[in-house]
Amino acid sequence: MAFLNKVKLLELKIDEFLDLVSESGIMFEQVISFFLEGEYNLMNQKCEMIRAHEHKADEYRKGIEQHLYKYTLIPENRGDVLSILENTDKVINQIKTAVMSLLIEKPNIPDFIIQYMQMMIKSTNYAVEELIKAARAFFHNFHLVNDYTHKVLFYEKEVDDFSEKIRKEIFDSKIDLTHKLHLKQVIYEIEMISDHCQEVADRLIIYTIKRQL
Amino acid sequence: MNYILLLSGLFLGWSLGANVAGTVFGTAVETKMLKFKTAAWVASIFVVLGAVLQGGATSSTLTKLGSVNALAGSFTVALAAALSLFFMARIRIPVSSTQAVVGAIVGWNFFTGAFTDFSVLAGILSSWIVTPLLAALFTLVIFYFFNRYLNNNAIHIFRLDYYTRIGLLFACAFGAYSIGANNIASVMGMFVDASPFSDIYIGSFYTISSTTQLFVIGAIAIGIGIFTYSQKNIKTVGNDLFKLSPLTGLIVVISSSLVLFIFSSKSLANLLTFLHLPALPLVPVSSSQAIIGSIVGLSLSKGIQNMHYNVLGRISIGWIVSPVLAGLICFFSLYIVQNVFDQTVYQPSYYRFDSFVMQKLEDESVDIKKLSTLNGRTYESSYDLRNELNNIELTPRKKQKIAEYSFLFPLRVDSYKIEYELEKEYFTQEDIENLHTLNKKVFYHKWQLNDALIELSETWLFKTKNLKNNTFNKELHRKYDLMYQAFQIKAISID
């Protein structure tokens with residue numbers, strides 16, 4: 001019975017970890033909106049929340065890892081689960097990196113890329129959301145994993161497309177080269193979020209095949 | 001000396017224990033789902049329980065195959081089986097003690113000239129074919145239901161891990177119980193007729209028979225084998241054949257244990273007979289054959305492309321080589337034990353043509369004039385008798401009948417034994433009364449007891465062989481076997 005309680009506790013921890021990543025994805029979209037609207041105070045608050053979430057997610061991940069090793073849980077899938085958690089943690093890390101860059105560097109976003117950027121942020125958020133659903137499915141009902149992973153891959157592709165378009169627009173424009181390079185770096189950091197999502201999705205697809213009886 | 005001769009059986013039990021781990025909890029320990037100590041304790045306890053509670057059923061089949069009736073003979077049979085196992089293990093082929101023991105017993109039969117009951121041998125050999133097939137079938141069915149259940153129910157990965165652990169623990173217990181019940185006969189079965197122990201009476205209501213004592217020490221030897229050597233040898237039987245996960249390992253252990261269980265369950269055999277279904281013979285079957293069959297079944301479920309056919313071929317060849325090798329080792333070892341160490345490796349089976357036998361044969365319309373050369377003579381082995389009968393023109397059926405009627409098996413009906421040694425739950429009140437009527441009577445041949453009982457009541461008569469009478473006849477057979485076992489007297493002058 002005590003063992004079952006430990007199992008339940010771990011299930012809860014993993015759910016909470018995924019909640020943190022999911023909430024960070026939502027807040028990331030809000031941060032961008034506040035930034036584009038010039039609401040720096042609100043943006044600052046959200047950034048702090050993301051930073052706190054990222055810190056908490058790190059602690060959860062470490063706790064889960066220790067728990068898994070201490071009680072030799074899921075020995076067969078332990079490596080896979082740890083890899084999912086570590087790579088999902090990279091998503092929230094990247095969200096924090098991207099928003100901190102915006103907060104610190106406050107890049108000047110030209111009007112001609114705002115629309116594409118908003119679409120890119122939306123797709124990034126969708127990719128994170130679908131990834132969290134896929135990860136939850138992996139733990140709860142792995143038969144549904146593929147229903148979500150293909151959406152992650154779809155949104156990641158969309159983000160790549162938007163990123164390409166934005167970079168093209170930037171480098172076709174007549175703004176300063178330093179400005180161009182700065183914007184390119186900002187776009188690259190946003191793009192990296194969905195890239196990390198894709199990395200986790202790819203792993204989930206393989207691990208799901210492994211989990212089949 | 002008598003107890004020292006048991007050592008080869010204990011060695012065989014120890015080696016079975018060392019190997020059994022791979023079968024029942026290899027996957028669980030290898031995949032770190034269970035701790036070795038936990039699994040070893042559970043397996044050891046349940047091996048002993050299986051051997052004591054249900055071990056008798058299969059040992060009687062081995063006794064029928066060859067009644068190894070001298071302790072030095074039993075020692076040699078067990079040693080030959082253990083050496084054969086050791087050799088096969090050295091060349092990394094998983095074989096079972098059962099196969100080796102059956103081969104060794106047939107070797108003993110050849111050496112002593114004892115009659116090998118080919119119907120029993122055929123039953124055992126067919127079980128070696130049926131075992132892997134049945135295990136594969138069980139795996140296919142269990143896999144189908146597991147897969148369906150897992151597809152239709154969302155179970156959290158950690159919850160599934162927890163259930164799998166519990167399942168593996170139960171499967172470990174069930175597997176060990178089935179191995180104890182089924183395979184104790186391989187370890188100690190050959191000592192049953194030559195047991196150095198005497199029955200222990202606890203008060204006047206409970207008896208620990210010599211057979212039970214043998215099974216307990218055999219099972220303890222298995223337990224020691226599990227604790228002392230299996231950790232080094234934990235590699236799952238058949239893991240070379242197909243990589244097992246904890247869940248598939250669970251399916252494999254459940255299905256192979258089920259096979260072992262049904263080949264050793266008297267109750268199940270009775271139920272099937274009662275339902276007019278063909279009952280499986282109660283024979284010691286190979287746990288490694290069952291595991292290999294299960295793994296083949298699993299690979300069929302998951303796609304046979306993952307199967308390593310060269311390994312399967314090597315294992316199958318081992319199943320033929322192992323009993324043959326054990327038989328040969330046994331044959332030559334018996335020669336050495338008998339002639340170099342001057343040990344009695346068999347007690348002769350006597351066939352006596354007394355007036356009772358001649359009269360019985362005449363009643364059974366055997367032309368006894370042809371048997372005039374046999375009248376009054378005693379033969380010391382079925383081999384001698386067969387040689388003699390071969391000189392007389394008789395049908396094989398009649399020769400079999402003559403051998404059966406002339407076989408000397410002294411019995412004395414004893415009221416004390418009826419009350420305290422006979423397994424009375426198989427007998428009706430009327431049966432017991434009939435037996436009491438025969439108190440103190442001595443019979444030289446089994447059939448004499450049968451005839452005396454039939455005279456008292458027709459309920460002792462076998463009915464015509466058909467499906468309807470199958471249950472009755474089987475039960476009557478069992479009654480007679482129990483009586484022969486209870487009333488047999490060993491020390492009697494044959495002249």
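All figures in this text were calculated on a predicted structure; none of them were measured in a lab. The chains referred to below are lettered A, B, ... by the order of the sequence lines, with proteins before strands, and numbering in each begins at 1. Just so it is clear, the values below take in all heavy atoms, side chains as well, and ignore hydrogens, waters and symmetry mates.
Separation of atoms CZ (A/Arg211) and CG (B/Leu150) is listed at 8.5 Å; rounding is to 0.5 Å. For the atom pair B/Phe158 CZ and A/Leu12 CG, the distance stands at 12.0 Å (nearest 0.5 Å). For the atom pair B/Tyr162 OH and A/Glu11 CD, the distance stands at 11.5 Å (nearest 0.5 Å).
In B/Tyr144, the OH atom is not crowded: 12 or fewer heavy atoms of neighbouring residues, nucleotides or ligands sit closer than 6.0 Å. For A/Tyr116, the OH atom sits in a loose shell: 12 or fewer heavy atoms of surrounding residues, nucleotides or ligands are nearer than 6.0 Å. The number of heavy-atom neighbours closer than 6.0 Å to NZ of A/Lys56, taken from other residues, nucleotides and ligands shown, is 12 or below. The 12-atom threshold is exceeded at CZ of B/Phe174, counting heavy atoms of other residues, nucleotides or ligands nearer than 6.0 Å. For B/Asn152, the CG atom counts as densely surrounded, since its 6.0 Å shell holds more than 12 non-hydrogen atoms of other residues, nucleotides or ligands. Residue-environment remark: CD (A/Gln115) stays at or below the threshold of 12 foreign heavy atoms within 6.0 Å. More than 12 heavy atoms of other residues, nucleotides or ligands shown are found within 6.0 angstrom of OH on A/Tyr40. Enclosure of atom NZ in A/Lys106 by more than 12 non-hydrogen atoms of other residues, nucleotides or ligands within 6.0 angstrom is indicated.
If you measure heavy-atom distances from B/Ile155 to chain A, the contacts under 4.5 Å come from the backbone alone. Using a 4.5 Å cut-off between heavy atoms, A/Leu144 makes no contact with chain B at all. Contacts between A/His143 and chain B at a heavy-atom distance below 4.5 Å involve the side chain alone, from C-beta outward. Looking at B/Leu298, neither its backbone nor its side chain comes within 4.5 Å of chain A, counting heavy atoms on both sides. For a residue to count as touching a neighbouring chain, one of its non-hydrogen atoms must lie under 4.5 Å from one of that chain's; by this rule B/Ile166 does not touch chain A.
Per-residue heavy-atom pair counts under 4.5 Å with chain B were compared for A/Asn141, A/Ile74, A/Val7, and the maximum is reached by A/Ile74. Contacts with chain A were tallied for B/His156, B/Met33, B/Arg165, B/Arg159; B/His156 has the most, counting heavy-atom pairs under 4.5 Å.
The two atoms that bring B/Asp161 and A/Pro75 nearest to each other are OD1-CD, 3.7 Å, heavy atoms only. Scanning all heavy atoms of the two residues, the minimum distance from B/Thr31 to A/Glu76 falls at CG2-OE1, 3.7 Å.
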